[in-house]
Amino acid sequence: MPELPEVETTRRGVEPHCTGRQVERVIVRDSRLRWPVPDHLASTLSGQDIVAVERRGKYLLFQTVTGYLLVHLGMSGSLRVVEAAATPGRHDHIDVLLDGDTCLRYHDPRRFGCFLWQAKGGEHPLLVNLGPEPLSADFDGLLLYRLSRRRKGPVKSFIMDGKVVVGVGNIYANEALFLSGIHPGRAAGRISLERYRRLAQCIKQVLTSAIEQGGTTLRDFVGGDGKPGYFAQQLFAYGRSGQPCKVCGTLLQERRLGQRSSVYCVTCQR
DNA sequence: CGCTGACCCTGACGGC
DNA sequence: TGCCGTCAGGGTCAGC
């Protein structure tokens, strides 16, 4: 579920419930995430005020005066605001109890996410080598062009590389490549500046549009209903293998690139 | 340095 | 029904 648009939607959803609130207590029911939840996390966080909730790529940063809580949702994670008294269910691994009887509840069946602490004065190692935000002015076609020279790997893997640009997951990589008419298997180093300009523009457009959808459809997700699928009707490629291309009717092909399924139209994408 | 594949884990789904 | 293989939005890391 969590591609960048959903992480941003989560941020916007939880931010008003967290900013200015004090953490009263943290309950870690299962610390076995992608990396173990540090033993000191609960005591470090307790008593602190959350001063801001930020996002970097697909990471969420809960800022306090002494540092930040770094959260990643992995493949199956979610954060919800629930009443403090609400009974936790299966896979509800962590509760951050805030004043005002609210609770920030972390749910993650596959446990690929993380809950880590970074003290003030440094940047967490996981964030240090990240590329620019896709929706910022720092990200454009020229950057893609420059970084891709001499790279022989597929362009799809290239734009999903967090050191190049953050937040482009499998769904939107497929979509952006379709919209820009670029074959996902094409070598990254063999694409012109002009086509990279178009690709960067398509990445921005598809992410922006998905965030807008998320903001509309998941408006009440804080209440507990965060079903995915809101963007599905607008997908041109992802999940449509074997179905006709919405533009030309050619049956869409599927192929694995870098261990991820890639769907594309042999007619529209070159 | 760039690329490939293994790995972390649970659950859903299709075929038999 | 049930069992088995395959696949799933993420990202890191070792090894070549």
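Proteins get letters first, then strands, A, B, ... in listed order; numbering begins at 1 in each. Worth saying up front: this structure is predicted, and the values here are computed from it rather than measured.
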Point to revise | Rounded distance (Å) that lies between atom C1' of dC9(B) and atom CG of L73(A) | key: 16 Å
Review point. When you match R110(A) and R151(A) each to their closest nucleotide on DNA chain B, which lands nearer the 5' end?
Key: R151(A)
Point to revise | Check: Y264(A) ring centroid to F178(A) ring centroid under 6.0 Å | key: no
**Study point:** Watson-Crick/G-U partner (both atom distances under 3.5 Å) of dG5(B)
**Key:** dC13(C)
Check your understanding: So, is S261(A) close to the dA8(C) phosphate, meaning a side-chain N or O under 4.0 Å from OP1 or OP2?
Key -> yes
Practice item. Establish whether the base of dC9(B) is bridged to the side chain of R111(A) by a donor-acceptor pair shorter than 3.5 Å. Key: no
**Study point:** Phosphate OP1/OP2 of dC3(B): any K152(A) side-chain N/O under 4.0 Å
**Key:** no
Practice item. Please work out if L126(A) contacts a base, only the sugar-phosphate, or nothing of the nucleic acid, heavy-atom cut-off 4.0 Å. Key: sugar-phosphate
Check your understanding: Just how far, in rounded Å, is C1' of dG5(B) from CG of L257(A)?
Key -> 14 Å
Review point. Starting at NZ of K156(A) and ending at P of dG9(C), how long is that distance when rounded to a whole Å?
Key: 8 Å
Check your understanding: Name the one of L69(A), L45(A), V51(A) that satisfies side-chain contact (heavy atoms from CB on, under 4.5 Å) with F62(A)?
Key -> L69(A)
Check your understanding: In whole Å, what separates the P atom of dG5(B) from that of dC7(C)?
Key -> 15 Å
Check your understanding: Taking CG from D30(A) and C1' from dC9(B), how many angstroms apart are they, rounded to a whole number?
Key -> 11 Å
Point to revise | Phosphate contact (dG9(C) OP1 or OP2) by Y238(A) side-chain N/O below 4.0 Å | key: yes
Review point. What are the two closest heavy atoms between R270(A) and R195(A), and how far apart are they?
Key: O-NH2, 3.1 Å
Check your understanding: So what does R34(A) hit on the nucleic acid, given a heavy-atom distance under 4.0 Å: a base, only sugar-phosphate, or nothing?
Key -> base
Check your understanding: Are any of H91(A)'s side-chain N or O atoms less than 4.0 Å away from OP1 or OP2 of dG11(B)?
Key -> yes
Practice item. Could you tell me whether F158(A) contacts a base, only the sugar-phosphate backbone, or nothing, with contacts defined as non-hydrogen atoms closer than 4.0 Å? Key: nothing
Practice item. For R29(A), look at atom CZ and say whether over 12 heavy atoms of other residues, nucleotides or ligands are found less than 6.0 Å away. Key: yes
Review point. Any donor-acceptor pair under 3.5 Å between the side chain of R260(A) and the base of dA8(C)?
Key: no
Exercise for review: Calculate the interatomic distance between N129(A) atom CG and dG2(B) atom C1'; express it in whole Å.
Suggested key: 15 Å
**Study point:** Residue closer to the 5' end of DNA chain B, L147(A) versus R90(A) (nearest nucleotide)
**Key:** L147(A)
Check your understanding: With centres under 5.5 Å and planes under 30°, do F112(A) and dC8(B) count as stacked?
Key -> yes
Check your understanding: How many Å lie between NZ on K58(A) and P on dT12(C), as a whole number?
Key -> 11 Å
Review point. Tell me: CE of M160(A) to P of dG11(C), nearest whole Å?
Key: 8 Å
**Study point:** Phosphate contact (dC7(C) OP1 or OP2) by R256(A) side-chain N/O below 4.0 Å
**Key:** no
Check your understanding: Aromatic rings Y59(A) and H72(A): how do their planes relate, parallel, tilted or perpendicular, breaks at 30° and 60°?
Key -> perpendicular
Review point. Of the options R255(A), K156(A), R256(A), which is the one that meets S262(A) in a side-chain hydrogen bond (donor to acceptor under 3.5 Å, both in side chains)?
Key: K156(A)
Point to revise | Short side-chain N/O contact from H72(A) to OP1 or OP2 of dG11(C), under 4.0 Å | key: yes
Point to revise | Presence of R32(A) side-chain N/O under 4.0 Å of dC9(B) phosphate oxygens OP1/OP2 | key: no
**Study point:** Integer-rounded Å distance: dT6(C) C1' and E254(A) CD
**Key:** 12 Å
Exercise for review: Give a yes/no on whether any side-chain N or O of R150(A) is located under 4.0 angstrom from OP1 or OP2 of dG2(B).
Suggested key: no
